[in-house]
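Read through the structure below, which is laid out as structure tokens, and then see the notes.
Values in this document were obtained by computation on a predicted structure and should not be read as measured data. Sequence positions, counted from 1, serve as the residue numbers for this chain. Counting starts at 1 for both ligands and their atoms, in listed order.
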Amino acid sequence: MKVLFVSAEVAPYSKAGGLADVAGSLPQAMASYAETIQVLTPLYGQIDVAQYHIKPTDVKGEILLGDEVIPYRIHQTSDPNSAVQIKFVSCDRFFQRNGIYTESNGEGFTDNNLRYFFFQLVALDLILSGKLQADLLHCNDHHTGLLPALILAHHLNVKTVFTIHNFLYHGHFSKAEAALLPKSILPYLSTTQWDNYSALLEGIDHSRIVTTVSPGYARELLEGVDIDSESHARIVAARGKFTGIVNGIDTNYWSPGIDPLIPHHFSSNDLHGKEQNKLALLSKTGLDPDLQAPLFGSISRLVENKGFPLIVELLDDFVELGAKFIFLGSGSPEIANQLRKASEKHPRHIAFDDRFNEPLAHLIEAGSDMFLMPSRFEPCGLNQLYSLRYGTIPVVNRTGGLGDTVEDWSQNSGTGFVFSPYDIKELRKAMIRAIKVYHLKPDWFNLMRRAMLKDFSWDQSAKQYFMLYTS
Ligand code: GLC
């Protein structure tokens, strides 16, 4: 079986969110199951081609978009540690920019739809021309949602899997934009109630199998939680090919015993390093070097659905509860402003950093006592999985993948603190419970060990994907 995995982001090359982590690690985990597995992604201007030894190949072509002919060239890495081949689509006009989806001020590029039309048409062209062989195309999110219909329109014998990482983003495009696509795809597309098209829904309609990134989120989508009735109807129509597989994590990269990005290593048998990391984290972020006070960490894009109305309302409570809070993430300027103000008001208790950096993310996972992730909804969520592995106890809303991967604490079981329904009262109660257990040392250490021993490697999930691929 020759698999082509197509994604708009692939870590470590380009990353805007969790999609990149999955695209960076799932194909690696699938490598032993497939004859070949290749990953196709755009070569954005910000990708460090020297660092990753990305070189141009002889494979090139031209894409007709509307009446414009736009050339592309395939680049490739030759990373000896990688079991999969990563191929990059280079095109100055669409990808030679610094951002992945947005300008530096956070505004989306106005031609995003065209950029991903082009990207998908390159994938199709590679297959059609035989420059790349694929029996199965694994598409991810709306940026690749038109590929299943393109495959059908060209009567290609290529099976398609479409994975939804987040139903919030549809990739809506107008009829005028659709007119730039190959004519043969148009009969396959269905307009939405806004008289435009949704690349996400097209992916669901036309792929052979639809997956989402946890069984819990699959259930919520099928039940229609928080989605409009039209989208829901299209999901329900896909019910028979719809399934949820929880994401795994790259356990070499996220591993407290060997992580090169943290100053002190530790394991479930020897937790000394964890306390030293906490001290390092407190001093790095300018908080009181007080090891007794519980330290909450959080890493997230600043968007409403990650639980911000609740987090913002809670900020003064950290001080009152004798806890500390470190937040890393960027996004909405308003939310950033509120976090910054709180950190200025309580400089010894709250720290906020909006300059994303990977070493700080690892130190937050390693040095915090608890990880705050009260998302309103969460398709899977990866940070709670990294947290569990680093003995950093997640405090989460019971939704989607969070509900599937974190089990509520009781004396002898559980790996975190789970609240429901999504409101400030319940979140505050969960935090107070967490703080109480934190001060009961034997219980807390047992909880940390249980969390660290959970297996969220890709092994199980890769097997499930393989079963789907073969089916
Ligand atoms: C999206 C989802 C997140 C998921 C990730 C990877 O970022 O919001 O929940 O873990 O994709 O699938």
Side-chain angles (χ1 to χ4, degrees), residues 5-12 14-30 39 41 100-102 138-145 161-171 199-200 203-204 210-221 225-227 242-251 253-254 298-308 329-332 356 361 365 371-389 394 396-406 418 422 456-458 460-462 464-465 468:
F5 192 94
V6 199
S7 172
E9 311 166 24
V10 180
S14 56
K15 173 166 168 173
L19 166 62
D21 290 310
V22 173
S25 53
L26 170 60
Q28 303 279 348
M30 296 299 297
V39 177
T41 192
I100 299 180
Y101 309 121
T102 61
H138 191 150
C139 307
N140 294 277
D141 274 353
H142 68 86
H143 325 94
T144 56
V161 176
F162 182 67
T163 296
I164 305 165
H165 296 263
N166 195 337
F167 197 79
L168 195 63
Y169 304 106
H170 276 251
L200 179 78
I204 294 172
V210 183
T211 75
T212 187
V213 289
S214 69
Y217 194 56
R219 241 182 351 259
E220 288 170 17
L221 290 179
V225 178
D226 235 355
I227 51 183
F242 203 92
T243 179
I245 300 179
V246 74
N247 285 331
I249 59 173
D250 180 341
T251 48
Y253 190 61
W254 292 100
S298 195
I299 306 170
S300 159
R301 274 174 297 130
L302 305 182
V303 287
E304 182 274 334
N305 59 280
K306 294 292 178 183
F308 278 99
S330 59
S332 147
F356 189 78
E365 291 294 4
F371 194 88
L372 192 62
M373 198 165 172
S375 310
R376 183 164 57 80
F377 70 88
E378 193 63 72
C380 178
L382 297 170
N383 279 314
Q384 85 279 16
L385 304 180
Y386 304 147
S387 300
L388 288 167
R389 209 164 146 77
V396 302
N397 178 22
R398 181 175 289 116
T399 182
L402 294 177
D404 286 343
T405 56
V406 183
V418 186
Y422 175 77
F456 287 106
S457 67
W458 269 109
Q460 287 307 318
S461 303
Q464 291 181 48
Y465 275 108
L468 279 184

I'd like to check which ligand 1 atoms, numbered from 1 as shown, lie under 4.0 Å from a non-hydrogen atom of [X].
| X | value |
| --- | --- |
| Val22 | 6 (C), 12 (O) |
| Val213 | 12 (O) |
| Asn166 | 8 (O) |

(request) Report yes if Gly17 has an N/O atom closer than 3.5 Å to an N/O atom of ligand 1; otherwise report no. (result) no
(request) Please report which non-hydrogen protein atom sits nearest to atom 9 (O) of ligand 1, along with the residue it belongs to and the distance in Å to one decimal place. (result) Glu378 OE2, 2.5 Å
(request) Identify the protein heavy atom lying closest to atom 12 (O) of ligand 1, giving its residue, its atom name and the separation to 0.1 Å. (result)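 Scanning the protein heavy atoms, the shortest distance from atom 12 (O) of ligand 1 goes to His165 ND1, 2.6 Å.
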(request) May I ask which of Gly381, Gly18, Gly401 has a heavy atom nearer to atom 10 (O) of ligand 1 than the others do? (result)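 Among Gly381, Gly18, Gly401, the closest heavy atom to atom 10 (O) of ligand 1 belongs to Gly381.
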(message) Among Asn305, Asp226, Asn397, exactly one meets side chain to side chain donor-acceptor pair (under 3.5 Å) together with Arg376. Which residue is that?
(response) Asp226
(request) Quick one: pull up CG in Asn140 and NE2 in His165 and give me the separation to the nearest 0.5 Å. (result) 3.5 Å
(request) Please state which part of Asp21 comes within less than 4.0 Å of ligand 1, counting heavy atoms only: side chain, backbone, both or neither. (result)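 Within the 4.0 Å criterion, Asp21 makes no contact with ligand 1.
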(message) For the residue pair Thr243 / Thr211, report whether a side-chain donor-acceptor contact shorter than 3.5 Å exists.
(response) no
(message) Contact between Trp458 and Tyr465 at the side-chain level, heavy atoms closer than 4.5 Å - yes or no?
(response)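 In short, these two side chains touch, coming nearer than 4.5 Å.
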(message) Go through it in stages, so that I can follow the logic: the residues are Phe377 and Tyr217, the test is side chain to side chain contact (heavy atoms under 4.5 Å, CB included), and I'd like the CA-CA distance, side-chain angles, deciding distance and then a yes or no.
(response) CA-CA 8 Å; Phe377 70 88; Tyr217 194 56; 4.1 Å; yes
(message) Going by side chain to side chain contact (heavy atoms under 4.5 Å, CB included), Phe162 matches just one of Asp141, Thr212, Leu200. Which one?
(response)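 Exactly one pass, corresponding to Leu200.
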